[in-house]
Amino acid sequence: MLSISPIPAFNDNYIWLISDTKTHKAWVVDPGDAKVVIDTLQEKQLQLEGILITHHHFDHIGGLKALKKLFKPTTYGPESDAIHDIDVPLKANDTLTLLNHSVNVVAVPGHTLDHIAYFSETLLSQPVLFCGDTLFAGGCGRLFEGSPQQLYQSLQQLAHLPANTLVYCAHEYTQNNLAFAHTVEPDNAELAARRQHVTQLRNNHQPTLPSTIAEELSTNPFLRCTELTVKQRCESHVQQSLTSPVDVFATLRRWKDHF
Ligand SMILES: [Zn+2]
């Protein structure tokens, strides 16, 4: 009865809309832009009941104030001085109820220090994750505030979610991410197949999301830091030996920053 669909915003953001077709109630995740949300709610005749925020960047919270004023939804987000208009501040392991379903909060610092993700086992017929700018399809967020160690650990938490978890991240970066992934792992056959599929989707102007944790485990280099081939490629890129998975991760992140 519930459905999740993307509202495209700005150049490459997705604001995820969770709606109940029977009650016409809806929630949105990271409404960076109020107008596209208002237009979609009107078009689909939905009533905004709640808002989830993952972190403080403007392209994730820009529409919060206007939507709160207009529809009076209950707003949830991280405890953060940088975000106003949050009714219910959240921290690791908190739970909330969304359209009668339980949602768990996972703290995922790294991209920003306040970053949280939302996980639900029951919202759809398979588990779902809203992870903002932490885990992307084929990649991960940049390190703006946290350390490589923090983001590595955050991604590891997400990597241990059930393999069939649907990953709803906040940007359409998949093609570029997979081009980088291919540079790291030119012989990964699953990656090559995924790249081909993603290219087809983009040629047809389709979103490449959600992905699944299983897909990310087999094709996303940032979740594959313990693979010998990934380690060796990173070592040859920086011409030095890398002793820990976190070192491999930090190398991948810096490499991708200039890709
Ligand atoms: Zn961000």
Side-chain angles (χ1 to χ4, degrees), residues 4 6-18 27-37 51-68 75-86 89-92 103 105-119 128-159 167-178 180 207-211 216 220-223 249-250 252-259:
I4 301 177
I7 304 173
F10 309 117
N11 282 337
D12 50 34
N13 283 68
Y14 291 127
I15 299 166
W16 293 105
L17 173 75
I18 309 157
W27 287 53
V28 289
V29 185
D30 286 350
D33 181 6
K35 186 177 185 307
V36 289
V37 174
I51 293 178
L52 302 180
I53 298 290
T54 62
H55 68 294
H56 70 79
H57 284 159
F58 186 75
D59 61 319
H60 298 254
I61 65 169
L64 183 57
K65 196 184 182 70
L67 291 171
K68 191 163 157 55
T75 58
Y76 297 79
E79 281 178 338
S80 172
D81 294 341
I83 312 172
H84 306 291
D85 304 298
I86 295 289
L90 300 167
K91 56 185 188 316
V103 174
V105 175
V106 189
V108 286
H111 174 70
T112 64
L113 291 176
D114 65 0
H115 207 308
I116 57 176
Y118 299 91
F119 173 74
V128 303
L129 172 73
F130 299 99
C131 52
D133 290 354
T134 295
L135 175 64
F136 287 129
C140 74
R142 281 175 190 257
L143 276 165
F144 284 116
E145 296 176 7
S147 65
Q149 172 87 32
Q150 275 177 319
L151 186 52
Y152 180 77
Q153 276 170 354
S154 295
L155 290 169
Q156 282 301 304
Q157 281 192 84
L158 303 182
V167 178
Y168 293 89
C169 59
H171 287 274
E172 181 59 67
Y173 289 159
T174 318
Q175 257 188 316
N176 177 274
N177 284 339
L178 294 183
F180 174 72
T208 62
L209 307 174
S211 67
E216 299 309 324
N220 184 332
F222 294 95
L223 299 188
F249 175 75
L252 277 175
R253 189 55 268 177
R254 277 195 300 270
W255 187 0
K256 174 70 169 65
D257 287 344
H258 303 287
F259 180 72

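As the structure lists them, so they are numbered: ligands from 1, and atoms in each ligand from 1.
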> With the Zn ion (ligand 1) as the point of reference, which N/O/S atom of D133 is the closest?
Replying inline: OD2
> Cut-off 3.5 Å, side chains only: do Q175 and T208 have a donor facing an acceptor?
Replying inline: no
> Taking both backbone and side chain into account, is any N, O or S atom of D59 nearer than 2.8 Å to the Zn ion (ligand 1)?
Replying inline: no
> Between the side chains of H56 and E145, does any donor sit under 3.5 Å from an acceptor?
Replying inline: yes
> Would H57 count as a contact for the Zn ion (ligand 1), in the sense that one of its N, O or S atoms lies under 2.8 Å from it?
Replying inline: yes
> Centres of the W27 and F130 rings: under 6.0 Å?
Replying inline: no
>> What do you get for the angle at the Zn ion (ligand 1) between NE2 on H111 and NE2 on H55, to the nearest 10 degrees?
In response: 100°
> Taking the side chain from H111 and the backbone from R142, do they hold a donor-acceptor pair closer than 3.5 Å?
Replying inline: yes
